[in-house]
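Taking it in order: structure first as structure tokens, then the write-up.
Order of appearance sets the numbers: ligands from 1, and atoms from 1 within every ligand. Numbers for residues simply follow the sequence, beginning at 1. FYI, side chains are in, hydrogens and waters are out, and symmetry mates aren't considered; it's all heavy atoms of this structure.
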Amino acid sequence: MSSTEVGEAMAHQTFDTILVLDFGSQYTHLITRRLRELNVFSEMLPCTQKIGELKFKPKGIILSGGPYSVYEEGAPHVDPAVFDLGVPILGICYGMQELAWRINPENVIAGTHREYGHSNLKAQSVNGHVDRLFEGLENTMRVWMSHGDKLAHLPEGFHTVATSDNSEYAAIAHGKKHIYGLQFHPEVTHSENGTALLRNFAVGICECNQNWTMERFMEEQIANIRRTVGEKGQVLAAVSGGVDSTVAAKLMKEAIGDRFWAVLVNNGVMRLNECEQVKKDLSEALGINLTVIDGSKEFLEGLKGVEDPEKKRKFIGGKFIDFFEAEAIKIEEAAAKDPTKAGKIEFFMQGTLYPDVIESLSFKGPSATIKTHHNVGGLPARMTNGQGLKLIEPLRSLYKDEVRALGRALGIREELVMRHPFPGPGIAVRILGEVTEEKVNIARQADHIFISEIRKAGLYDQISQAYAAVDPSRAVGVMGDKRVYGYIIILRAVTTTDYMTAEAFNFPWEVLQRIMNRIVNEVHGVSRVVYDITSKPPGTIEME
Ligand code: GLN
């Protein structure tokens with residue numbers, strides 16, 4: 001797949017960048033996060049990156065932690081050319097061991113016991129001064145360690161700048177060059193002053209400008225998109241009403257106006273009034289050139305009798321492509337005829353985010369092949385194989401909260417910017433078993449009540465994702481002295497930061513009761529309401 005320069009490579013050309021080389025630690029992405037919180041742009045690449053092939057010159061390099069032992073056969077090692085770049089280098093845990101091992105393999109040995117958890121760090125002063133890394137910080141702090149190996153000796157040319165209860169070499173620095181090593185992890189929140197220490201490195205030592213803000217990024221991206229697309233080029237995209245596609249679409253609109261074409265396919269399993277709402281938001285409020293196609297009948301027809309969740313997903317995905325392609329062809333023909341626009345549709349825009357990019361770049365070990373990224377999941381090959389449409393991914397360097405901040409900078413209303421994620425196959429995967437129009441209506445109404453009550457109680461932003469699902473097994477109930485059998489509504493609300501693990505949201509009891517009351521009274525065909533308290537793992541966030 002060929003992806004254009006937009007979003008991928010441009011940020012590091014206009015913003016001072018700290019390059020993080022990943023040795024496979026589970027905390028590596030936290031280093032980039034912390035730096036960006038300091039308004040310093042940071043990008044991650046695998047530790048095997050050839051320095052000669054870098055498309056930019058970083059202001060500094062951080063070598064991350066990792067699960068290997070540097071002295072092991074097959075352990076990953078950094079391209080020695082990093083030391084010739086002449087920029088400051090900071091090694092964290094494995095990264096520090098790598099620095100020491102390079103100088104002399106005997107510098108690193110297996111420790112007698114693992115050190116995992118808190119440790120008290122003491123910065124050393126020389127002539128009354130601590131090292132620049134610790135400038136302005138307390139002289140003692142609690143830091144977080146996770147290692148089994150240790151330095152046996154100080155590498156040549158280095159001196160100790162901090163010690164801890166267990167590590168004689170908790171932090172080291174080179175006497176002449178800007179090379180530093182830390183045995184602890186400043187990037188985890190359990191390390192006091194960790195962010196301040198990273199600021200001392202990135203801003204103090206590497207002299208990075210703290211100008212990574214979403215306002216600046218927005219201006220840069222708009223200019224990049226214009227450069228890439230040219231005066232006449234046109235861009236096509238599928239939108240869903242979700243945060244990512246809305247923010248990306250608004251950015252495209254700002255850059256190239258109506259030469260950006262957004263298409264929304266109504267698949268019949270969207271939320272209550274959602275299609276109308278997306279039209280209002282994207283087309284009326286944000287002025288985006290939007291085409292809505294109503295495929296709801298065909299989708300619901302095709303879902304008849306399908307019970308298997310995978311089959312539901314496949315069917316919805318496949319049908320979506322049929323609708324989208326048919327519309328794309330119409331738009332392309334219309335675009336080709338319009339003399340004021342004239343340019344061909346050359347690009348396909350996608351709202352890929354940085355975590356997906358990181359996922360494919362992460363260093364997975366000496367033998368593991370690095371997975372290539374494809375978030376395209378089922379879009380026509382013509383649109384992504386580089387022969388037809390070229391891919392444009394303007395959010396490729398952003399984390400979710402940065403996308404939200406960019407949305408605000410673009411003037412998108414807060415409620416939209418803070419929307420919970422919603423799955424592509426919609427409420428079809430929130431109805432257990434076969435999807436019918438009746439069940440879709442029940443799920444929609446129950447979900448609408450659930451979400452409105454959550455908003456009314458002021459809890460929406462504390463919850464990461466919430467919805468009502470339909471369990472089609474019928475439970476007995478008594479309504480107006482009559483025995484009734486109705487569906488069971490399952491309420492699900494979770495909190496999570498990374499969507500990898502999640503906890504059920506702890507609702508005030510009266511809020512749950514009010515929701516239950518409204519659902520059984522207002523949604524015909526429901527006899528019970530239950531709240532799913534399963535955490536992830538073992539549960540998933542969605543039902544199917
Ligand atoms: N595997 C190395 C050790 O055990 C490095 C650990 C780390 O980077 N967290 O010391």
Side-chain angles (χ1 to χ4, degrees), residues 18-35 42 44-49 60-79 82 89-121 133 141-155 158 160-173 179-195 197-198 201 358 361-368 498:
I18 298 288
L19 172 62
V20 177
L21 291 176
D22 174 36
F23 285 91
S25 159
Q26 53 182 319
Y27 307 120
T28 308
H29 74 282
L30 292 178
I31 308 173
T32 39
R33 297 244 44 171
R34 295 285 105 81
L35 291 166
S42 170
M44 194 190 103
L45 287 172
C47 55
T48 45
Q49 171 68 38
I61 292 181
I62 296 182
L63 308 179
S64 84
Y68 316 91
S69 286
V70 271
Y71 47 77
E72 263 171 348
E73 172 126 5
H77 296 290
V78 72
D79 178 353
V82 285
I89 296 175
L90 172 66
I92 295 176
C93 204
Y94 185 96
M96 160 163 108
Q97 295 162 1
E98 168 73 2
L99 294 173
W101 181 87
R102 288 232 155 254
I103 292 168
N104 181 350
E106 284 172 13
N107 281 340
V108 186
I109 55 167
T112 42
H113 64 278
R114 283 176 56 86
E115 196 177 10
Y116 186 86
H118 278 114
S119 195
N120 293 311
L121 189 85
L133 264 188
M141 49 183 149
R142 269 157 72 79
V143 295
W144 198 82
M145 303 248 188
S146 166
H147 65 119
D149 299 331
K150 63 173 195 179
L151 298 199
H153 320 278
L154 261 182
F158 282 78
T160 305
V161 293
T163 58
S164 76
D165 312 339
N166 263 310
S167 300
E168 203 183 329
Y169 312 118
I172 59 171
I179 306 180
Y180 303 83
L182 304 175
Q183 185 57 73
F184 59 95
H185 288 271
E187 69 275 23
V188 301
T189 46
H190 315 288
S191 282
E192 279 173 15
N193 293 318
T195 306
L197 197 145
L198 289 172
F201 177 70
I358 285 197
L361 287 180
S362 254
F363 181 71
K364 297 277 166 36
S367 57
D498 53 10

Set of side chain to side chain contact (heavy atoms under 4.5 Å, CB included) partners for [X], sequence neighbours left out:
| X | result |
| --- | --- |
| Thr163 | Lys122, Gln124, Thr160 |
| Ile109 | Lys150, Ala152 |
| Thr195 | Arg34, Leu38 |

### Task
Please tell me if the side chains of Leu198 and Leu90 come closer than 4.5 Å, counting only heavy atoms from C-beta onward.
yes
## Note on the structure
Chain-and-number sorted residues having a heavy-atom contact under 4.0 Å with ligand 1 are Gly65, Gly66, Pro67, Tyr68, Cys93, Tyr94, Gln97, Ser146, His147, Gly148, Asp149, His185
### Query
Between Arg102 and His77, is there a donor-acceptor pair closer than 3.5 Å when you use the side chain of the first and the backbone of the second?
no
### Query
Does one side chain, of Gln183 or His147, offer a donor that lies under 3.5 Å from an acceptor on the other?
yes
